[in-house]
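Here is the structure we will look at.
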Amino acid sequence: MDLRWNILVGYAPLFISGLKTTILVTLVAIVVGLVLGLLTGLITSSRKAPPPRSALARWAIKPVQWLAVAYVTFFRGTPLFVQILLVHFALMPTLVHPEHGLLLAGPLASEFRQNYGAFFSGAVALSLNAGAYISEIFRAGIQSIHQGQTQAAYSLGFTHAQSMRYVVVPQAARRMVPPLVNEAIMLLKDSSLVSAIGLADLALAARTVAGAYSRYWEPYLAISALYLVMTLLLSLAAKRLEVPEHQRGK
């Protein structure tokens with residue numbers, strides 16, 4: 001196998017730009033996904049909580065819980081690639097369109113779609129997907145805390161939100177680290193799918209080189225090495241946040 005690594009030299013700026021884009025879209029998805037996952041996880045785990053004191057809140061909580069369950073079910077039960085296509089080709093034109101965009105219209109909409117459309121669509125799709133999976137991580141972490149602690153908080157007059165904030169979530173946080181890191185690694189690797197809608201990430205850089213030279217080993221081995229280094233760094237960083245071995249099971 002005759003590997004010609006020199007063909008990558010001229011495309012080094014493209015790979016560097018693709019690496020930055022991959023890292024940025026992954027970071028956005030992780031941050032937004034964490035917020036969505038935390039909110040959705042708290043909502044779905046509140047089914048057995050005492051009913052809210054406000055009559056309006058009691059009336060609204062059920063539809064919100066159903067929406068949260070529907071959101072998690074859809075994004076966990078459908079392929080990420082299909083979600084990316086739905087967001088880019090269906091949701092994006094509805095929100096950002098020169099004539100009838102709900103969020104952005106006119107010349108600004110055209111400019112936004114041309115310059116940032118692929119990144120916006122990719123970030124939204126990855127964030128929504130991450131939020132669904134992270135919500136289940138939060139729900140499982142919350143349920144791993146003994147129910148007696150939650151009941152003790154209720155008996156002291158805490159609301160469900162207060163018991164989650166001050167009692168349950170702080171204890172569950174470190175237990176959630178390994179699955180959260182696994183989700184971050186999956187997001188990093190799955191971000192390569194957004195190249196299908198034209199986002200100039202690592203995968204698109206490799207495809208550009210492969211198309212120019214009709215050679216596939218060099219560009220795809222190169223980005224494989226970059227993804228491997230990034231996932232290993234994430235794993236090493238996570239080990240510092242995990243529960244120490246002598247404290248596990250407590």
Side-chain angles (χ1 to χ4, degrees), residues 23 26-54 56-77 80 123 126-190 230-250:
I23 293 173
T26 304
L27 284 175
V28 170
I30 290 172
V31 172
V32 178
L34 279 171
V35 175
L36 281 175
L38 176 58
L39 293 175
T40 309
L42 290 173
I43 291 169
T44 55
S45 65
S46 65
R47 292 181 175 183
K48 297 182 180 179
R53 297 168 184 171
S54 166
L56 179 61
R58 286 197 301 271
W59 178 82
I61 190 66
K62 286 295 181 183
V64 172
Q65 289 175 341
W66 293 336
L67 285 173
V69 171
Y71 158 66
V72 172
T73 302
F74 178 81
F75 281 94
R76 280 169 53 88
L80 175 57
L126 288 173
S127 299
L128 291 172
N129 183 272
Y133 281 92
I134 291 173
S135 73
E136 289 297 284
I137 294 173
F138 275 111
R139 186 183 62 80
I142 289 168
Q143 291 181 346
S144 71
I145 302 302
H146 195 279
Q147 194 175 4
Q149 298 199 37
T150 310
Q151 293 172 344
Y154 294 154
S155 67
L156 292 173
F158 282 25
T159 64
H160 178 69
Q162 289 172 331
S163 66
M164 290 294 109
R165 178 181 177 183
Y166 296 111
V167 179
V168 177
V169 173
Q171 295 182 70
R174 280 203 165 186
R175 299 184 185 185
M176 300 175 192
V177 170
L180 285 174
V181 172
N182 288 338
E183 176 60 23
I185 290 172
M186 290 299 297
L187 269 179
L188 176 62
K189 294 187 293 184
D190 289 344
M230 288 189 287
T231 55
L232 287 175
L233 289 175
L234 271 175
S235 299
L236 290 174
K239 287 188 179 298
R240 293 183 169 272
L241 300 175
E242 290 182 11
V243 178
E245 189 172 353
H246 65 277
Q247 293 182 4
R248 291 175 187 170
K250 295 183 178 181

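If you're wondering where the values come from, they're calculated on a predicted model, not measured in any experiment. Hydrogens, waters and symmetry mates are skipped; everything else that's a heavy atom, side chains included, is used.
- Between the CD atom of Gln65 and the CG atom of Leu67 there is a distance of 10.5 Å, given to the nearest 0.5 Å.
- Residue pairs that meet the salt bridge (Lys or Arg N to Asp or Glu O under 4.0 Å) test with at least one member in residues 129-142, sequence neighbours left out, are Glu136-Arg139.
- Remark: Val69 engages Thr44, Arg47, Thr73 in a side-chain contact (heavy atoms from CB on, under 4.5 Å) (not counting sequence neighbours).
- Looking at every heavy atom in both residues, Ser163 comes nearest to Thr150 through OG-CG2, 4.2 Å.
- Judged as a side-chain contact (heavy atoms from CB on, under 4.5 Å), and not counting sequence neighbours, the contacts of Leu128 are Leu36, Tyr71, Phe75, Val124.
- Pairs engaging residues 144-171 under the salt bridge (Lys or Arg N to Asp or Glu O under 4.0 Å) rule: none recorded [sequence neighbours left out].
- Interatomic distance, Leu42 CG to Ile142 CD1, rounded to the nearest 0.5 Å: 5.0 Å.
- Residues that satisfy the side-chain hydrogen bond (donor to acceptor under 3.5 Å, both in side chains) test with Ser144, not counting sequence neighbours, are Arg175.
- Residues forming a side-chain hydrogen bond (donor to acceptor under 3.5 Å, both in side chains) with Gln171 (at least two apart in sequence, or on another chain): Gln149.
- The side-chain contact (heavy atoms from CB on, under 4.5 Å) search around Leu234 returns Ala184, Ile185, Leu188, not counting sequence neighbours.
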>> Pair Leu34, Leu180 - check side chain to side chain contact (heavy atoms under 4.5 Å, CB included), show working.
In response: CA-CA 9 Å; Leu34 279 171; Leu180 285 174; 4.1 Å; yes

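- Atoms CG and CG, from Asp190 and Leu80 in turn, are 5.5 Å apart once rounded to the nearest 0.5 Å.
- Taking every heavy atom of both residues into account, Ala68 and Ile43 meet most closely at CB-CG2, 3.8 Å.
- The two residues Ala152 and Ser155 come nearest to each other via the heavy atoms O-OG, 2.6 Å.
- The minimum heavy-atom distance between Met164 and Pro170, with the atom names listed, is O-CD, 3.7 Å.
- Taking CE of Met176 as the reference point, atom CD1 of Ile137 lies at 9.0 Å (rounded to 0.5 Å).
- For the pair Ala172 and Gly141, the tightest heavy-atom approach, listed with the atom from each and the gap, is CB-O, 3.3 Å.
- For the pair Leu187 and Leu126, the tightest heavy-atom approach, listed with the atom from each and the gap, is CD2-O, 3.8 Å.
- For the side-chain contact (heavy atoms from CB on, under 4.5 Å) test, residues two or more places apart in sequence or in another chain that qualify with Ile23 are Leu19, Leu27, Met230.
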